[in-house]
Every structure is written in structure tokens, then in C-alpha cells.
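First, the structure itself, so that you have it in front of you.
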There are 2 protein chains.
Amino acid sequence: MLRTAPESMAGTTLAERIEARIEADIVEGRVLPGDRLDEEDLAERLSASRTPVREALRKLASSGLVTIRPRAGASVARPTMTDLVELFEVVAELEAFAARLSCARASDAQLAEIARMHALCEHEAANGTAESYFEVNRRFHGAIWDGSNNSALVEQLRLADRRLSPYRRHITFHPGRCKDSQSEHRKIATALATRSAEAAATEMRDHVMILSEDAVQLARNLRL
Amino acid sequence: MLRTAPESMAGTTLAERIEARIEADIVEGRVLPGDRLDEEDLAERLSASRTPVREALRKLASSGLVTIRPRAGASVARPTMTDLVELFEVVAELEAFAARLSCARASDAQLAEIARMHALCEHEAANGTAESYFEVNRRFHGAIWDGSNNSALVEQLRLADRRLSPYRRHITFHPGRCKDSQSEHRKIATALATRSAEAAATEMRDHVMILSEDAVQLARNLRL
DNA sequence: CGACGCAAGATTGTATACAAGAGATTAACA
DNA sequence: TGTTAATCTCTTGTATACAATCTTGCGTCG
């Protein structure tokens, strides 16, 4: 099934496609934290050999999405509560940095893009579903990342954020959360529009840390 | 040569030992940015097969130390000037965060350890070689990382710092740099000792950014 | 009845063989 | 002589086979 690559994936290798596939399964919740990832099983399911599957698992492991214990196999990473809180703290700091840099360096076009994404969020918060809000929320944050004009920072954020998505997703879907999130977004958007670096950084940090609180709460309730 | 693992490496796999070996070769400058890393060549040199070598290279690639282009092989990563500056910015921010967290959360014992490392730096700056200063400098920073009591942050810093070490090393070895660095360290150490979070963060950020300036200067001179 | 140890099975780690693409070299032509 | 195109080699990507180790279940012993 993965043997014939979609033309969009031209020039990529089988291992990369398998990696993308497994990653999507994890991030989008089709396999849950703690689930075992059997090499042979995956290989058969994707009609490939173990070699590219192994490579994909190793790569996912070094980005933190998968845990590998030597000679004991791979499983979807299951961060402890502490791990999650620590990761959220780091992400909060990096997002705050991105917001600060955006104020200082984003082009007017980039600021406009951020504003556009904010408007989209407003619209979805009022009319859309929790899922659609989750999506535009990502794009709002992404626009701010881009505005920093620091690709190393964007890379770090993408990696860290990916590890949180299985949990973040549940939070954003939480009914009342969209409205609260939106009022925080408004403050961030205003600070960015006026290039108020410190305000943007502070508001962004608080925003992410509130998410963190919710994540801990939720994880505790779900006995994750 | 790597087939018989030192007992300190017990429980590790061949691929991991190979990875450590290649990593050390890169970080300590025995192979230079841009150098090609031939799988078969490495396999023969380490008397292993291509399989574990491949795994090691892939892992190093996903941490940024190695660049792999599909079907064109691996080489030691050669970040552009822009890449380096961006990475330094991220590291500066993370180090500043670590300093701030250390002020808020480090135990007295951890603060004492930081102070001890600072004293070591003072000693080496006065009596030691540039190389020995490089080493205690690392330990000073490491003590602050530990003081943050956030292992996700430490992990991020370790990864990012590793990518900079080939360049950072050259900077610290720069003759006059030790003294300047030490006067910056003093301000940081004072702020930490008095748990002045904002001061510690600011001083630390400045300290790393000055390193960044030097790195750019040096890289330009060496036509890196 | 519980704990410990041992053996069988299953799964990972490593090696080797084969396939396929990228880069280099050479030859032909303008 | 410079340029281009085709072939040919060398390296990587994938598959499979074999070896080593961990886990699991059962039996024995305390």
C-alpha cells in the first residue's frame, strides 16, 4: 500500500513514508501512548520489510514520539505527568520567544498573516467545531513561529509541539476551552499588531501555561 | 575494536556505541563539517556491518549533527552562518530560561554546586589552559542546567549545544576570550547566588549572545 | 500458597545479498 | 576545444537470513 508512493512524495524513501505514516497514527490518536509497536507486525501491515520500519521507529524515537528499550522493542512514548509539565514549560518559553522575535522582526506581510489567522480563529471559535478550532489554532501559532524568521526555533517548536499534540488535542477539544483560549489569543494578537515585544511574550507564555494546567488536569482525570 | 564493549557500556547495543564514537569524532573535531561519511568505510573501520552504522548515522542526522540526502549519502552537517546564529539565539534563550528556573527552584545544594563550578572556572581562567577552561566552563553551564530541575529543558539544551560544540570549542580556545567570559560568569554567578531570576536570565542571555558574535566573527575569518 | 529458577518461544540486533538510483567518466558531435 | 549525452561504476535503499537476548509460562522448591 505504501509501496507506490504518491507523486507528492516523489524523491522520498520508503522509510520516510513509513515514518510519516506512523507519526500520523500517533499524533492523530489512532495508536495510544504505551501501545506496543511490533516491527514485524508493522512491516506486514505496510507490506514492507523490517529494515525501513526499524529506521522509521529509530527516527521517531530520537524525536521523542516513540520509546525504544534495547532488545525489548518499541512502543508509543508515554510521558509521565512530570515529563508533560516540563515539556509544556519549554514550549511556553520557546513560543514566548517566537512572539517576542515576531514583534521585532516579522515583516508587515507576516504580521498581516498572523492577523488573518487570528481572524480565522475568531470565526471558528464562534461558528466552528472544536476540531476546526484546533486546526486554525495551530495555524495561528504557526504564523507566529514563521514571523520569528528563525528556522532553528521553528524546528525546535515543531518537534516539541509534536510530542504534545496527542494531549493538546484533547485539551483544545474540551468544550469551554475554545472561548477562554480565544480571549487569550486576542491579547496576543493585539500585542503583536502593535509590536509590543514584552507584552506579546508574556501573554504567549501565560497562554501556553494555562494549556499546561488543563493538560495536567485532564490527564489526571483520564488516569493517563 | 568496538565489538568488545567496555563494561561501562554494558547493556548497550553496537549501534549505540558506533553512534557515540562518530559523535565524539564530530564534536571533538576529528572529522570536519562537510566531510563525507561513507557507510561501508565506517563499517570496515569499526569492524562492523553497514546496518548498525546506518542506524547511527540516521540518529545523528535527526539530532542535526549529520546531513543525509536520500541516495546521496551522509556527511557531517555544515550549518550556514545563518543557521549558526539562529541556533545560538535559541540556545541563549534556553540557557536564560535555565538560569531563571535555577533561581526559582534550585536546591541549596544545587546552588552550592553551581558556586563550586564557578570557583573552578575562576581558578582555570587564572592558571589553566584554554582547553581546561573549556571543560570547566561546560560544567558551570551544566550545573545551571541541572539547577532548573527540568529534564526536558536539559535534554533540549544538550542536543542544541552539541550541534554548536564544533564551533564553540574554537571560540573558547580563543586567547582573550577566557577572561571576558569569566567576567560575564561572575555576574551570572552573583545573580544566581542571590536568586535574582531576571538578572540571571538577562546576564546569561547576553553571555551566550556574545559567544555567538565571536562565533560569527571567527567563522567568517576561517571562511567556514 | 508463594517465590524462584529454568526452558521454550518470540522478538530484536546484526550481517549479508540484491536492487536501484546518483555521480563520474568517456566518447561523440558541434 | 567545449559541450552534451550515454554508459558504467559505486553507493545507498531494501529484503532476507542468522544470532543473541529478553519475556513468558511452567515446574519445582521452600
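In what follows, every chain begins at residue 1, and chains take the letters A, B, ... in the order their sequences are listed.
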What closest approach, in Å, do B:P70 and A:E16 show between heavy atoms, and which atom pair accounts for it?
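Minimum heavy-atom contact is CG-OE2, 3.6 Å.
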
Does A:E95 pair with A:R205 as a salt bridge, N-O distance under 4.0 Å?
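Not counted as a salt bridge, because no side-chain N and carboxylate O are separated by less than 4.0 Å.
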
Using whole Å, report how far CG of B:D41 lies from C1' of D:dT11.
12 Å

A:L120: which residues meet the side chain to side chain contact (heavy atoms under 4.5 Å, CB included) condition with it, sequence neighbours left out?
A:M117, A:V136, A:R139

Any carboxylate oxygen within less than 4.0 angstrom of a Lys/Arg side-chain nitrogen, looking at B:R116 and B:E113?
yes

Which atom of A:Y133 lies closest to which atom of A:C121, heavy atoms considered:
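What the structure gives for the nearest pair is CE1-O, 3.8 Å.
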
Atom CZ of A:R17 and atom P of D:dT14: how far apart are they, to the nearest Å?
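To the nearest whole Å, that distance equals 7 Å.
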
Rounded to whole Å, please give me the gap between CD in B:E55 and P in C:dT16.
16 Å

salt_bridge(A:E213, A:R177) N-O dist < 4.0 Å
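Looking at A:E213 and A:R177, the cut-off is not met.
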
Thinking salt bridges, do B:R50 and B:E40 make one under a 4.0 Å N-O criterion?
no

Are any protein N/O atoms closer than 3.5 Å to N/O atoms in nucleotides 7-12 of chain C? If there are, list each pair with its distance.
unit_1, atom_1, unit_2, atom_2, d
C:dT12, OP1, A:R36, NH2, 3.4
C:dT12, O3', A:R71, N, 3.4

Round to a whole Å and report the spacing from CG of B:L57 to P of C:dT14.
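Nearest whole value for this atom pair: 14 Å.
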
Salt bridge check, B:R100 against A:E93: does any charged N sit closer than 4.0 Å to a carboxylate O?
yes

Axial bend angle, the helix from C:dC1-D:dG30 to C:dA30-D:dT1: five-pair end segments, nearest 10°
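Answer for the end axes of this duplex: 20°.
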
